[in-house]
Amino acid sequence: MSTPPKKLYIETVGCQMNLLDSELVVASLRKEGYELTGTPADADTILFNTCSVRQHAEDKIYSALGRLKNAKQEKPGRVIGVMGCMAQKDQKLIFQRAPYVDLIVGPGQLHQVPELIRGIEQDGQQRMEVSLGRKDGKVDTIKRSHESFDPLRDPTMRPTPFQAYVRIQIGCDKFCTYCIVPSVRGPEQSRPPSQVLAEAGQLADEGCKEITLLGQTVNSWRHEEDGRRWRFSDLLTELHEVDGLERIKFVTSYPRDMTDDVLQAVRDLPKLCKYLHVPAQSGSDEQLKLMKRGYTVAEYREMHDRAKRWMPDVAITSDFIVGFSGETDADFQQTMDLVRECRFKNSFIFKYSERPGTKGADRMPDDVPDAVKRERNNELLQLQNVISEEDNQPFLGKAVQVLVEGPSRKEAIRIERSEQEGEASPGQGLQLTGRTMCDRIVVFDGNARQIGQTLPVVIYEANAHTLQGVVQTDHVGPEVFDLAGSAG
Ligand code: 5AD
Ligand code: SF4
């Protein structure tokens, strides 16, 4: 009789890099016979893939760990592990705060997870594998201690088999003064183009239509291989040749490295999504200098205007930090001005969270009261929402090409509920969601067969974050929807 498969529960917080890391860890544990479960109580192994960018993300994990205090008594032999940035940052402190944790693995050691779990199962001893700190040796030795984890992919492990993240860079050397990433993810290292192209080719062969290239400063990627000097735009050009791929995106871009050749590649290569995520972080020169971002507001504006001039339809999104050290009302108003001028598609806004070990924490007071941070966050978000909604209106009555990702969030909740209640699964009619070439979310009624297809959808409703539409057929064309909202 074969033993029942072991069950794995994994919780992921943080950025796309963490989502990809979790996908790869799950794939490697699947090879060991694990099956995923959505219920921690059923799991033989419980893993957290963690983030350290803000205090809040860490607090969430520590309280989730707190809830597992009795998890070992409930299921002897159960393995609890903490992976990712918080594992690298806090290291043994995690064992001190939660002694029942068995495993601590930094982002540079994820390839070791299956072996480490096997070891724990054999002797019950705790294991910790992390990279060297940024001052713990020669650059090359430190680099080697941060290994990119990119084993063969498993399409069944992704939210959809036709979309995939592809890592092209690990680490970061920019050292923005507020940011913990350079210390936990290590020195910037680019992945060789031969590997990236091979992975993209393999993904396309498996039916993947869209890839998103990942890096902390993805457009700073460059590489020398076999005497050839590659720029990021060269990599984009070669990836564009991969048969089967329909869409190529990349995040996150660094403003200063948004050079003409990169913008030209996005403009001229049809598979390149007309979507750029280029965080400005602040609209005040004083703040940008304290943040050590390496550009002025005028330089950011120039880059932004160039992109818009060359590609009027490009969607640009940004991140902002409010309440960084010394931010005055006047500084904040300059950030509001920048958002008004640039009219980003959307902005991710964060309250400054002091990170021990950064220059910001060591040398600059965290002197903006939390209430002020919160107010500024709300004010900026409100402004951005008004802009996002206004700029979605021109889509009314137009047809957009949508890569259909799957059931909408509302539909997914409905399906889950009816499954829990033991109802028969709904018929083929579903509310679906997908994205346009400029990364706008579109919701429409369709059927399961359309998932994975690229379809023309005519938009009849537009709010700040979503466009609503109907699939265009011979009978439903844009002319029918010339009058916005007349579709219902
Ligand atoms: N506090 C708040 N936000 C931060 N970010 C990075 N570090 C911090 C911090 N200490 C934000 C930046 C970055 C995004 C991923 O997170 O805006 O672009
Ligand atoms: Fe952090 Fe700056 Fe690097 Fe982005 S560029 S990961 S904000 S240090």
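On a predicted model such as this, the values are computed, not experimentally measured, just so you know. Counting starts at 1 for both ligands and their atoms, in listed order.
Contacts with ligand 2 closer than 4.0 Å are made by backbone heavy atoms (N, CA, C, O) of F175 only, the side chain lying farther away. Residue contacts with ligand 2, taken as heavy atom pairs separated by less than 4.0 Å, involve P182 solely via side-chain atoms from C-beta onward.
Less than 4.0 angstrom separates some heavy atom of R355 from each of these atoms of ligand 1: 10 (N). Set against the non-hydrogen atoms of V181, the atoms of ligand 2 under 4.0 Å away are 6 (S).
In this structure, atom 7 (N) of ligand 1 lies nearest to the protein heavy atom Y178 CD1, 3.3 Å. Scanning all protein heavy atoms for the shortest distance to atom 3 (Fe) of ligand 2 gives C172 SG, 2.2 Å.
When only modelled atom types and interatomic distance are considered, D305 and Y300 share no side-chain donor-acceptor pair under 3.5 Å. At a cut-off of 3.5 Å, with distance as the only test, no side-chain donor of S220 or Q169 sits close to an acceptor on the other residue.
For R185, the heavy-atom gap to ligand 2 stays at 4.0 angstrom or more. No heavy atom of E354 sits closer than 4.0 Å to any atom of ligand 1.
Looking at G171, S253, C176, it is C176 that brings a heavy atom closest to atom 8 (S) of ligand 2. Distances from atom 4 (Fe) of ligand 2 to the heavy atoms of E188, R355, R293 put R293 nearest.
Atom 1 (Fe) of ligand 2 has an N, O or S atom of C179 inside 2.8 Å of it.
By the 3.5 Å distance cut-off applied to N or O atoms, R54 is counted among the residues near ligand 1. Considering both main-chain and side-chain atoms, Q281 comes within under 3.5 Å of ligand 1 through a nitrogen or oxygen pair.
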